Amino acid sequence: MKKVESKNKATKTNGMHFHVITLFPEVCKAYTDASVLGRAQKTKKGKGAKVRGKKIDISYYNPRDFATNKHKKVDDKPYGGGPGMVMAAGPILKAWQKAVGRKHNKRKVKTLIMSPRGTEFTNKLARTYARTYDHIVLISGRYEGIDYRVKKALNAEEVSVGDYVLTGGELPALSIIDATSRQVPGVLGTFESLEDERVSSGEMYTRPDEIKFKDKKYKVPKVFLSGHHKEIEKYRAKKK
Ligand code: SAH
């Protein structure tokens, strides 16, 4: 029997490690354990004894676990007054240290703070992140936001997922993980990768070739049934 050369090596993540700091890890994990992202976090058994490494790793850290006061309080009133509460810096900084504080090469770590006032996140940024970093720490805010010293202390960048305000940074963090993971080699299957290239192709159809809805029939355009890829591309280009 052939020996698996180095178990450690084979199971090591060769792609990207995401670290999410959030008060709601279980909410995020339900999403990241499903479908493409779920598969990318698993080692795969290929033919024979070959084990293919994970493409991504996702770890969660709850600031509450790092709170030192009796009631595990992670927020407090803002200095200078104003409505709402602010997430305290201490527990977040401790969570960050647990995630990437010690052994990691600084240049390969990127820390992002979710904020509606941050740099707008785009697919281009996702590609850059995937190519440049080994570790991305995503800090999810709640309440009125996060003590500004977290940004300074961690040399972090504020990132926004769009011009609207959500109740928390969990959906933004998940969006960034999702879009960035798609850019990590091997995360998407061959077919999905092809689809990725055609993200702007627009119209697409599947069986049946005719559907009925409220007494009206809807047919798949003939050109799609033909299977002539060039003709289909031409049709799509004209429609743009
Ligand atoms: N009044 C606060 C709103 C905080 S919303 C402010 O003006 O900043 C609570 C948290 O949700 C924020 O700390 C941030 O982490 C997250 N959040 C809300 N909308 C967001 C967006 N569009 N992009 C990224 N994060 C967002």
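Numbering of ligands and ligand atoms starts at 1, following listing order. Remember, predicted model here, so these are calculated numbers, not experimental data.
With respect to atom 6 (C) of ligand 1, the closest heavy atom belonging to the protein is R117 NH1, 3.5 Å. Protein heavy atom at the shortest distance from atom 9 (C) of ligand 1 is Y143 O, 3.3 Å. Considering only non-hydrogen protein atoms, atom 22 (N) of ligand 1 sits nearest to Y164 O, 2.8 Å. Looking at atom 2 (C) of ligand 1, its nearest protein heavy atom turns out to be E144 O, 3.3 Å.
The residues E26 and K29 are annotated as not salt-bridged, no charged nitrogen and carboxylate oxygen being separated by less than 4.0 angstrom. Between D215 and K212 there is no salt bridge, since no side-chain N of the basic residue sits under 4.0 Å from a carboxylate O of the acidic one. Taking the charged nitrogens against the carboxylate oxygens, K234 and E231 do have a contact shorter than 4.0 Å, which makes a salt bridge. Electrostatic pairing of K239 and E203 counts as a salt bridge here, judged by a charged N lying under 4.0 Å from a carboxylate O.
No side-chain heavy atom of V150 sits under 4.5 Å from any side-chain heavy atom of M87.
Partner V220 forms a side-chain contact (heavy atoms from CB on, under 4.5 Å) with one of I211, T206, L225 and no other, that one being L225.
Within ligand 1, counting atoms from 1 as listed, the ones closer than 4.0 Å to a heavy atom of V165 are 3 (C), 5 (S), 19 (N). Against a heavy-atom cut-off of under 4.0 Å, G145 is close to the following atoms of ligand 1: 13 (O). Atoms of ligand 1 found under 4.0 Å from any heavy atom of V159 (numbered from 1 in listed order, with element): 24 (C). Under a 4.0 Å criterion applied to the non-hydrogen atoms of G141, ligand 1 contributes the atoms 10 (C), 11 (O), 13 (O), 15 (O). For ligand 1, the atoms lying closer than 4.0 Å to a non-hydrogen atom of G168 are 10 (C), 11 (O), 16 (C), 17 (N).
With hydrogens and angles left out, the side-chain atoms of T22 and Y61 include no donor and acceptor closer than 3.5 Å. For E157 and T119, the side-chain atoms include at least one donor-acceptor pair closer than 3.5 Å.
Comparing S140, G169, S115 against atom 24 (C) of ligand 1, the shortest heavy-atom distance belongs to S115. Across E170, M114, M87, heavy-atom proximity to atom 14 (C) of ligand 1 is greatest for M114. Proximity annotation for atom 5 (S) of ligand 1: of V161, T167, L166, L166 comes nearest, heavy atoms only. In this structure, of P116, S175, A173, P83, the residue bringing a heavy atom nearest to atom 17 (N) of ligand 1 is P116.
Classified by interplanar angle (parallel below 30°, tilted 30° to 60°, perpendicular above 60°), the ring pair H19/H17 is parallel.
Within a 6.0 Å sphere centred on NZ of K77, other residues, nucleotides and ligands contribute 12 heavy atoms or fewer.
Any N or O atom pair closer than 3.5 Å counts here, and P172 shares no such pair with ligand 1. Considering backbone and side-chain N/O atoms, I146 never comes within less than 3.5 Å of an N/O atom of ligand 1.
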